[in-house]
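Here's a structure for you.
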Amino acid sequence: MTITSPHLGSSKAWTDAQLLYALEEVVEKELNRHLKVAKAWMPHEYVPFSDGRNFPGIFEDGEAWETGQSKVTDLGRIALVVNLLTEDNLPSYHHEIASLFGRDGAWGTWVHRWTAEEGRHGIVMRDYLLTSRAVDPDKLEEFRMAHMAEGFESDNRHSMLHSVAYVAFQELATRVSHRNTGHQSGDPVCDRMLARIATDENLHMVFYRNLLAAAFELAPDLTMEAVRDVVVNFRMPGHGMPGFERAAAQMAIGEIYNMRIHHDDVIQPVLRYLKVLDIDGLGPEGLKAQEELGLYMSGLDSEASKFDEKLAARKARLAARAAQA
């Protein structure tokens, strides 16, 4: 497809302030669309409160947590902790986007609406985990304190376009992670809860994806550079939490979130929907970014195939051992 930029001399002339102003009508349109399709839901309706009982502390009848009390699989517990700790950093995320997008007009309305919707995710997940005794509550709180005390700074806080590009992919990544965690949890109640959260995350992705499409219309070269930078350097927002690398490795092996899923279910769908690699009429910098993005995606697909082979070999070994046993 051909995209024509109105330019201000060139797309390099766009500043964050000008882009925010130029995209205000798009934000208002997408906000109104979002409010029409988003369905209100109550976090407490997804929590099995009748399963709850006291933990040790001020209650004399408190019962200490043990692994056997959990209905959730080992892999499910690992992923649930990662997912919840990611949601816990909402105050930092709100600060980041409020600083970049502002608190006024349609941008500000979206920032606050998004924050309110995301807040439900942390509420329902924590209530579920504690009520159902899915995870060790002491360790969960220790991890939360350590993670939030560390603070959070986005890799893309320097640029409004980079931030929009990042959240377009990250919201989809979060949706996929929640949905796959539910499937692997071993508890139908948990699966339903995470499916509800994943629905919200998908709507958030659509908002930012459509905003990214409008940015391509305004400043195609700058937007292409932002997408390239974000895709090549993508990291999940929970990367700084305690034990993240080990947990991420276990989630990769367990097929909750790995390189193949990242390529096929997160990056490719957004690029394909926006036809990013087919955009023409770019300037030299935009064309360079597009070519580098295409090369990176080819390399990512190759690396994902190598991971697939290793994972298949691991499954075969485990199956052979089980057969022998």
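Below, all heavy atoms of this structure are taken into account, side chains as well, without hydrogens, waters or symmetry copies.
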Quiz item: Looking only at heavy atoms, what is the nearest atom pair of L130 and P137, with distance?
Solution: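 The pair with the smallest heavy-atom distance is CD2-CB, 3.7 Å.
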Quiz item: Taking atom types as modelled and ignoring hydrogens, do the side chains of S305 and R260 form a donor-acceptor contact shorter than 3.5 angstrom?
Solution: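 Indeed, the side chains of S305 and R260 share at least one donor-acceptor pair under 3.5 Å.
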Self-check item: Under 3.5 Å donor-acceptor, D221 side chain and G283 backbone
Solution: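 Side chain of D221 to backbone of G283, a donor-acceptor pair under 3.5 Å: yes, one is there.
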Quiz item: For the side chain of N54 and the backbone of D61, is there at least one donor-acceptor N/O pair under 3.5 Å apart?
Solution: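 It does not hold such a pair.
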Practice problem: Answer with yes or no after comparing the ring centroid distance for W41 and Y46 against a 6.0 Å cut-off, counting only values under it. | Solution: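 Close enough - the centres of the two rings lie under 6.0 Å apart.
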Quiz item: Between V189 and P48, which heavy-atom pair has the shortest distance, and what is it?
Solution: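 Residues V189 and P48, closest heavy atoms: CG1-CD, 4.0 Å.
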Self-check item: Audit row: D51, K71, salt bridge (charged side-chain N to carboxylate O under 4.0 Å, His left out) steps and yes/no
Solution: CA-CA 11 Å; D51 292 348; K71 297 178 183 177; 3.5 Å; yes
Quiz item: Under the side-chain contact (heavy atoms from CB on, under 4.5 Å) criterion, do L20 and W107 qualify, and how do the steps go?
Solution: CA-CA 8 Å; L20 285 167; W107 281 105; 3.6 Å; yes
Quiz item: Centres of the H34 and W110 rings: under 6.0 Å?
Solution: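 Between H34 and W110, the centre distance is under 6.0 Å.
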Quiz item: S132 and D187: side-chain donor and acceptor closer than 3.5 Å?
Solution: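 No, D187 and S132 have no side-chain donor paired with an acceptor closer than 3.5 Å.
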Quiz prompt | W14 side, atom CH2; L222 side, atom CG - distance, nearest 0.5 Å | solution =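 Separation between the atoms: 10.0 Å.
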Quiz item: Can you check whether R235's main-chain N or O pairs, donor with acceptor, with Y166's side chain at less than 3.5 Å?
Solution: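 Pair found, side chain donor or acceptor close to backbone of R235.
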Practice problem: To the nearest 0.5 Å, tell me how far N210 CG sits from K29 NZ. | Solution: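 The distance works out to 8.0 Å.
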Practice problem: Indicate, with yes or no, if V270 and L277 share a hydrophobic cluster defined by side-chain heavy-atom contacts under 4.5 Å among Ile, Leu, Val, Met, Phe, Trp and Tyr. | Solution: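 Looking at the clustering, V270 is in the same group as L277.
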Practice problem: Kindly indicate, with the supporting measurements, whether the criterion side chain to side chain donor-acceptor pair (under 3.5 Å) is fulfilled by E118 and H204. | Solution: CA-CA 10 Å; E118 288 288 343; H204 297 165; 3.0 Å; yes
Exercise. Search all heavy atoms of L23 against all heavy atoms of A215 and return the closest pair with its distance.
Key: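 Of all heavy-atom pairs spanning L23 and A215, the closest is CD2-N, 4.1 Å.
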Quiz item: What are the two closest heavy atoms between A304 and M259, and how far apart are they?
Solution: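 Taking every non-hydrogen atom into account, N-SD, 3.6 Å.
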Self-check item: Residues E142, K139: salt bridge by 4.0 Å N-O rule
Solution: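 Not counted as a salt bridge, because no side-chain N and carboxylate O are separated by less than 4.0 Å.
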Quiz item: Can you tell me if D88 and H147 form a side-chain donor-acceptor pair at under 3.5 Å?
Solution: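 Note: D88 and H147 side chains miss the donor-acceptor criterion.
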Practice problem: Could you tell me the separation between the CG atom of D265 and the CG atom of L172, rounded to the nearest 0.5 Å? | Solution: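 D265 CG to L172 CG: 8.0 Å, rounded to 0.5 Å.
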Self-check item: Test item: side-chain donor near acceptor, D191 and S185, under 3.5 Å
Solution: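 Note: D191 and S185 side chains miss the donor-acceptor criterion.
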Exercise. Determine whether I256 and S177 make a side-chain contact, defined as any pair of heavy atoms from C-beta on separated by less than 4.5 Å.
Key: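 A side-chain contact under 4.5 Å exists here.
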Quiz item: Hey, quick one: are L203 and L194 part of the same hydrophobic cluster, counting side-chain heavy atoms closer than 4.5 Å, chains of contacts allowed?
Solution: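 Not linked; separate clusters.
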Quiz item: Between Y296 and D301, do the side chains contain an N or O donor and an N or O acceptor separated by less than 3.5 Å?
Solution: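 Short answer, no.
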Self-check item: Salt-bridge criterion met for R77 and D136 (N-O under 4.0 Å)
Solution: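 Result for this pair is no, no salt bridge flagged.
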Self-check item: Side chain Q18, main chain T15, donor-acceptor under 3.5 Å
Solution: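 The answer is yes, because a donor-acceptor pair under 3.5 Å joins these two groups.
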Quiz item: Between H178 and H121, how do the two ring planes meet: parallel, tilted or perpendicular, split at 30° and 60°?
Solution: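 Perpendicular, since the angle between the ring planes exceeds 60°.
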Quiz item: Is there a donor in the side chain of Q184 and an acceptor in the side chain of E255, or the other way round, less than 3.5 Å apart?
Solution: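 Q184 vs E255: no donor-acceptor pair found between side chains.
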Quiz item: Are any side-chain N or O atoms of N258 and backbone N or O atoms of I261, one a donor and one an acceptor, separated by less than 3.5 Å?
Solution: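 Yes; at least one donor-acceptor contact below 3.5 Å.
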Exercise. Would you mind listing every salt bridge (Lys or Arg N to Asp or Glu O under 4.0 Å) that reaches into residues 103-114, with sequence neighbours excluded?
Key: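 Sorted result for residues 103-114: R113-E117.
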Quiz item: Do M251 and N83 touch side chain to side chain, with heavy atoms closer than 4.5 Å?
Solution: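 Yes, close enough: below the 4.5 Å cut-off.
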Quiz item: Should we say atom CZ of R272 is surrounded by more than 12 heavy atoms from elsewhere, each under 6.0 Å from it?
Solution: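 Enclosed.
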Quiz item: Do the numbers put R133 on top of the ring of F55, so that NZ or CZ is under 6.0 Å from the six-membered ring centre and no more than 45° off the axis?
Solution: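 Judged by the rule (NZ or CZ under 6.0 Å from the ring centre, within 45° of its axis), R133 counts as positioned above F55.
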Self-check item: Residue that, paired with H162, satisfies side-chain hydrogen bond (donor to acceptor under 3.5 Å, both in side chains) out of N156, T223, D229, N233
Solution: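 The side-chain hydrogen bond (donor to acceptor under 3.5 Å, both in side chains) with H162 is passed solely by D229 among N156, T223, D229, N233.
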Quiz prompt | Between T174 and Q170: side-chain donor-acceptor atoms closer than 3.5 Å | solution =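 Distance-only check passes for T174 and Q170.
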Quiz prompt | Trace of the side-chain contact (heavy atoms from CB on, under 4.5 Å) decision for K36 with R33 | solution = CA-CA 5 Å; K36 286 180 181 179; R33 180 198 55 76; 5.8 Å; no
Practice problem: Answer yes if F244 and I253 sit in the same cluster of Ile, Leu, Val, Met, Phe, Trp and Tyr residues linked by side chain heavy atoms under 4.5 Å apart, and no otherwise. | Solution: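 No, F244 does not connect to I253 through the hydrophobic network.
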Quiz item: Going through the distances and angles, do R53 and E63 end up as a salt bridge (charged side-chain N to carboxylate O under 4.0 Å, His left out)?
Solution: CA-CA 8 Å; R53 50 196 187 275; E63 181 182 350; 2.8 Å; yes
Quiz item: Short question: side chain of Y93, backbone of T86 - any donor-acceptor pair under 3.5 Å?
Solution: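 Yes, because the side chain of Y93 sits within donor-acceptor range (under 3.5 Å) of the backbone of T86.
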Quiz item: Are E291 and K288 close enough for a salt bridge, meaning some N to O gap below 4.0 Å?
Solution: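 Not counted as a salt bridge, because no side-chain N and carboxylate O are separated by less than 4.0 Å.
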Quiz item: Would F307 end up clustered with M236 when hydrophobic side chains under 4.5 Å apart are linked, directly or stepwise?
Solution: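 Result: no, two separate clusters.
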Quiz item: Below 6.0 angstrom between ring centroids: does that apply to F169 and Y208?
Solution: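 No, the ring centres sit 6.0 Å or more apart.
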Practice problem: Can you measure from CH2 (W114) to CD1 (I97) and round to the nearest 0.5 angstrom? | Solution: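 It is 4.5 Å, given to the nearest 0.5 Å.
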Quiz prompt | Min side-chain heavy-atom separation L80-L84 under 4.5 Å | solution =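 They are not in side-chain contact.
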Self-check item: L295-V276 co-clustered via ILVMFWY side chain contacts under 4.5 Å
Solution: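 Unlinked, L295 and V276 end up in two clusters.
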Exercise. Return yes when atom CD of E45 has more than 12 non-hydrogen atoms of other residues, nucleotides or ligands closer than 6.0 Å, and no otherwise.
Key: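 Yes, because the 6.0 Å sphere around CD of E45 holds more than 12 heavy atoms from other groups.
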Practice problem: Using modelled atom types only, decide if a donor and an acceptor are shared between the side chain of E150 and the backbone of M241 within a distance under 3.5 Å. | Solution: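 Not confirmed, E150 side chain does not pair with M241 backbone.
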Quiz item: Any donor-acceptor pair under 3.5 Å linking the side chain of E24 with the backbone of A106?
Solution: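 Yes: the side chain of E24 pairs with the backbone of A106.
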Quiz item: So, for P220 and L282, which heavy atoms are closest and what is the spacing to 0.1 Å?
Solution: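 Heavy atoms only, the tightest pair is CB-CD2, 3.8 Å.
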Quiz item: With a 4.5 Å limit on heavy-atom distance, are the side chains of N180 and H183 in contact?
Solution: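 Yes - at least one pair of side-chain heavy atoms lies under 4.5 Å apart.
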Exercise. Could you check if a side-chain atom of L293 sits within less than 4.5 angstrom of a side-chain atom of L271, using non-hydrogen atoms only?
Key: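 Of all side-chain heavy-atom pairs linking L271 with L293, at least one is under 4.5 Å.
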Exercise. State plainly whether the residues R228 and E292 are in salt-bridge range, i.e. N to O under 4.0 Å.
Key: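 Yes, this pair counts.
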Quiz prompt | Between CG on residue D280 and CD on residue Q290, distance to nearest 0.5 Å | solution =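 CD of Q290 is found 8.0 Å from CG of D280.
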Exercise. Output, in order, the C-alpha distance, side-chain angles, deciding distance and verdict of side-chain contact (heavy atoms from CB on, under 4.5 Å) for F207 and E171.
Key: CA-CA 10 Å; F207 178 94; E171 292 283 3; over 6 Å; no
Quiz prompt | Heavy-atom closest contact (A165 atom, V230 atom, distance) | solution =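 That would be CB-CG2, 3.9 Å.
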Self-check item: Reported CE-to-CZ distance for the pair M42 and R120, which is rounded to 0.5 angstrom
Solution: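 With rounding to 0.5 Å, CE (M42) is 7.5 Å from CZ (R120).
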Practice problem: Let me see the working for V135 and S70 under side-chain contact (heavy atoms from CB on, under 4.5 Å), right down to the final yes or no. | Solution: CA-CA 7 Å; V135 302; S70 176; over 6 Å; no
